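Note that the structure is a prediction, hence the values are computed from the model and not measured.
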Amino acid sequence: QVQLVESGGGLVQAGGSLRLSCAASGSIFSINAMGWYRQAPGKQRELVATISRAGSTNYADSVKGRFTISRDNAKNTLYLQMNSLKPEDTAVYYCNAEVKTIGTILYRTYWGQGTQVTVSS
């Protein structure tokens with residue numbers, strides 16, 4: 001069993017910054033790609049950023065230049081540094097990870113429970 005726990009969300013004024021963390025725990029053998037997604041009220045969940053195990057990154061156009069995704073493989077932890085926040089960044093932010101658990105041969109995608117980010121104007 002694998003758990004992903006996000007933290008770091010909250011209320012911030014426009015132009016401010018937040019740093020999200022996502023800690024993976026459980027019977028983990030290896031983690032491949034990891035990512036951040038978000039879902040605003042009444043909208044579909046959308047990709048924010050992804051990062052490979054080697055550190056290659058991919059960003060949604062709406063966050064390029066403002067958000068930075070990173071990971072600590074030794075700690076099985078994913079981060080999202082969010083700067084110059086805008087009201088339209090308000091959403092529940094979810095992390096996911098492709099995880100191979102001990103005793104298995106396939107990677108499976110796991111999701112965290114989400115953390116609320118609210119940006120006031």
> Ignoring hydrogens, what is the shortest heavy-atom contact between Arg66 and Asp89? Give both atom names and the distance.
NH1-OD2, 2.7 Å

> Taking all heavy atoms of Ile31 and all of Asn76, pick out the closest pair and write down the distance.
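Scanning both residues, the minimum pair turns out to be CD1-OD1, 3.6 Å.
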
> Below 30° counts as parallel, above 60° as perpendicular, anything between as tilted: where do the rings of Tyr94 and Trp111 land?
perpendicular

> Quick one: list whatever passes ring-ring contact (aromatic ring centres under 6.0 Å, His included) with Tyr79, sequence neighbours left out.
none

> Enter the distance from Gln3:CD to Ser27:OG here, rounded to the nearest 0.5 Å.
8.0 Å

> Looking at Ile102, I want to see if its CD1 is surrounded by more than 12 non-hydrogen atoms of other residues, nucleotides or ligands under 6.0 Å.
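Result for CD1/Ile102: enclosed.
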
> Can you check whether Leu106 reaches Arg108 side chain to side chain, under 4.5 Å on heavy atoms?
no

> Quick check against the 3.5 Å criterion: does Glu6 have a side-chain atom that pairs as donor or acceptor with the backbone of Gly114?
yes

> Would you list the pairs meeting side-chain hydrogen bond (donor to acceptor under 3.5 Å, both in side chains) in which at least one residue belongs to residues 52-61, sequence neighbours left out?
Asp61-Lys64

> Between atom CG of Leu78 and atom OG of Ser21, what is the distance when rounded to the nearest 0.5 Å?
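So the CG of Leu78 and the OG of Ser21 are separated by 8.5 Å.
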
> At what distance, to the nearest 0.5 angstrom, does CZ of Arg19 lie from OG of Ser70?
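Atom-to-atom, Arg19:CZ and Ser70:OG are 6.0 Å apart.
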
> Once you round to the nearest 0.5 Å, how far does CH2 of Trp36 lie from CG of Asn96?
10.0 Å

> Distance from Tyr110 atom OH to Thr101 atom OG1, nearest 0.5 Å?
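Atom-to-atom, Tyr110:OH and Thr101:OG1 are 5.0 Å apart.
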
> Examine distances only and state if a side-chain atom of Thr90 and a backbone atom of Val119 form a donor-acceptor pair shorter than 3.5 Å.
yes

> Using every non-hydrogen atom in the two residues, find where Gln81 and Ser17 come nearest and quote the distance to one decimal.
NE2-CB, 4.0 Å

> Give the minimum heavy-atom separation between Leu4 and Ala24, together with the two atoms involved.
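Nearest heavy atoms, Leu4 then Ala24: CD2-CB, 3.3 Å.
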
> Looking at every non-hydrogen atom in both residues, tell me the closest pair between Ala91 and Ala40 and how far apart they are.
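Of all heavy-atom pairs spanning Ala91 and Ala40, the closest is CB-N, 3.8 Å.
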
> If I compare all heavy atoms of Val5 with all of Gln113, which pair ends up nearest, and what's the gap?
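In terms of heavy atoms, the two residues are closest at CA-OE1, 3.8 Å.
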
> Between Val92 and Tyr37, is a side chain to side chain contact (heavy atoms under 4.5 Å, CB included) present by the stated rule, with each step listed?
CA-CA 8 Å; Val92 178; Tyr37 292 73; over 6 Å; no

> Test side chain to side chain contact (heavy atoms under 4.5 Å, CB included) on Leu80 and Arg38 and set out the steps.
CA-CA 12 Å; Leu80 185 68; Arg38 67 187 182 187; over 6 Å; no

